[in-house]
Amino acid sequence: MSEAKWYVVHTYSGYENKVKANIDKTIENRHLEDQILEVRVPMQEVLELKNGVQKPSQKKMFPGYVLIHMYMNDDTWYVVRNTRGVTGFVGPGSKPVPLEEDEMERLGIKKEHIIVDLEVGDTVTVLSGAWEGTVGMIQSLNEQKQSLSINVELFGRETPVELNFSEVRKID
């Protein structure tokens with residue numbers, strides 16, 4: 001399998017977050033987590049002046065566009081292209097063109113690769129977020145997404161939780 005690349009998808013204006021949610025749901029339903037790695041609606045912080053008061057708010061950097069980090073193949077192309085609200089990939093004709101590394105860096109998306117000494121079966125503690133302080137055993141690792149899955153007990157049942165590598169620490 002070749003390297004995952006970032007692609008730009010054109011959407012109906014105002015539907016960016018809905019498209020992201022639809023693609024995320026399709027990824028989960030079709031188990032494409034290893035092929036479509038990330039869906040992003042780039043945001044920037046701006047200061048708005050309302051009633052003489054400046055307030056920080058989030059604004060879409062590229063209205064009408066969504067960025068997708070994925071392996072391009074017939075399945076992923078079909079899933080993304082046929083998502084409600086998507087009008088097509090950016091590129092000539094029906095051939096999507098991936099973004100270059102320097103273009104991604106200018107958007108603030110750097111190619112980070114964290115080398116970890118974690119393995120399936122290791123016990124970790126969660127350092128931040130809703131599960132802070134929780135201890136769990138690693139069920140799966142995804143180095144492409146820099147994430148792992150642990151089972152936590154919720155309402156008396158084992159429930160899988162996906163976390164970033166940076167959110168956990170290995171217990172020796």
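Note that the structure is a prediction, hence the values are computed from the model and not measured.
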I want to check something: taking the side chain as every heavy atom from C-beta on, are [X] and [Y] in contact at a cut-off of under 4.5 Å?
X: Y7; Y: V90; answer: no
X: N22; Y: D24; answer: no
X: V168; Y: T125; answer: no
X: V8; Y: F89; answer: no
X: N151; Y: T159; answer: no
X: T87; Y: T11; answer: no
X: V86; Y: Y15; answer: no
X: E16; Y: K60; answer: yes

Gap separating the [atom1] atom of [X] from the [atom2] atom of [Y], nearest 0.5 angstrom:
X: I68; Y: L37; atom1: CD1; atom2: CG; answer: 11.0 Å
X: R30; Y: I36; atom1: CZ; atom2: CD1; answer: 9.0 Å
X: D34; Y: I27; atom1: CG; atom2: CD1; answer: 10.5 Å
X: E158; Y: I150; atom1: CD; atom2: CD1; answer: 10.0 Å

Return the set of residues passing side chain to side chain contact (heavy atoms under 4.5 Å, CB included) with V97 (not counting sequence neighbours), or none when no residue passes.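 In terms of side chain to side chain contact (heavy atoms under 4.5 Å, CB included), with neighbours along the sequence ignored, V97 is linked to P92.
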
Quick check: are there more than 12 heavy atoms from other residues, nucleotides or ligands sitting under 6.0 Å from [atom1] of [X]?
X: K170; atom1: NZ; value: yes
X: K18; atom1: NZ; value: no
X: D74; atom1: CG; value: no

Run the numbers on R40 and W6 for side chain to side chain contact (heavy atoms under 4.5 Å, CB included), then give the verdict. CA-CA 10 Å; R40 210 183 258 196; W6 285 94; 4.2 Å; yes

Which residue pairs pass the ring pair (Phe, Tyr, Trp, His ring centres under 6.0 Å) test with at least one member in residues 18-44, sequence neighbours excluded?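 Checked against ring pair (Phe, Tyr, Trp, His ring centres under 6.0 Å) - neighbours excluded - no pair reaches residues 18-44.
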
Quick one: ring pair (Phe, Tyr, Trp, His ring centres under 6.0 Å) pairs with a partner in residues 43-66, sequence neighbours left out?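 Checked against ring pair (Phe, Tyr, Trp, His ring centres under 6.0 Å) - neighbours excluded - the pairs reaching residues 43-66 are H10-Y65.
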
Counting N and O atoms only, with roles assigned by atom type, does the side chain of E167 sit under 3.5 Å from a partner on the main chain of L127, one being a donor and the other an acceptor?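 No; judged by distance alone, with no hydrogens or angles, the pair does not exist.
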
Any donor-acceptor N/O pair, Q139 side chain to M137 backbone, under 3.5 Å: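 Such a contact is found between Q139 side chain and M137 backbone.
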
What residues join I171 in its hydrophobic cluster, counting side-chain heavy atom gaps under 4.5 Å, either direct or through other members?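 Taking Ile, Leu, Val, Met, Phe, Trp and Tyr as members, I171 shares its hydrophobic cluster with V135.
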
Could you list all the side-chain hydrogen bond (donor to acceptor under 3.5 Å, both in side chains) pairs where at least one residue sits in residues 75-86, not counting sequence neighbours?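 Pairs touching residues 75-86 that pass the test: N73-T76.
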
Show which side-chain atoms of residues 43-51 pair as donor or acceptor with protein atoms under 3.5 Å away, not counting sequence neighbours.
residue	atom	partner	partner atom	Å
E45	OE1	Q58	NE2	3.4
E48	OE2	S57	OG	3.3

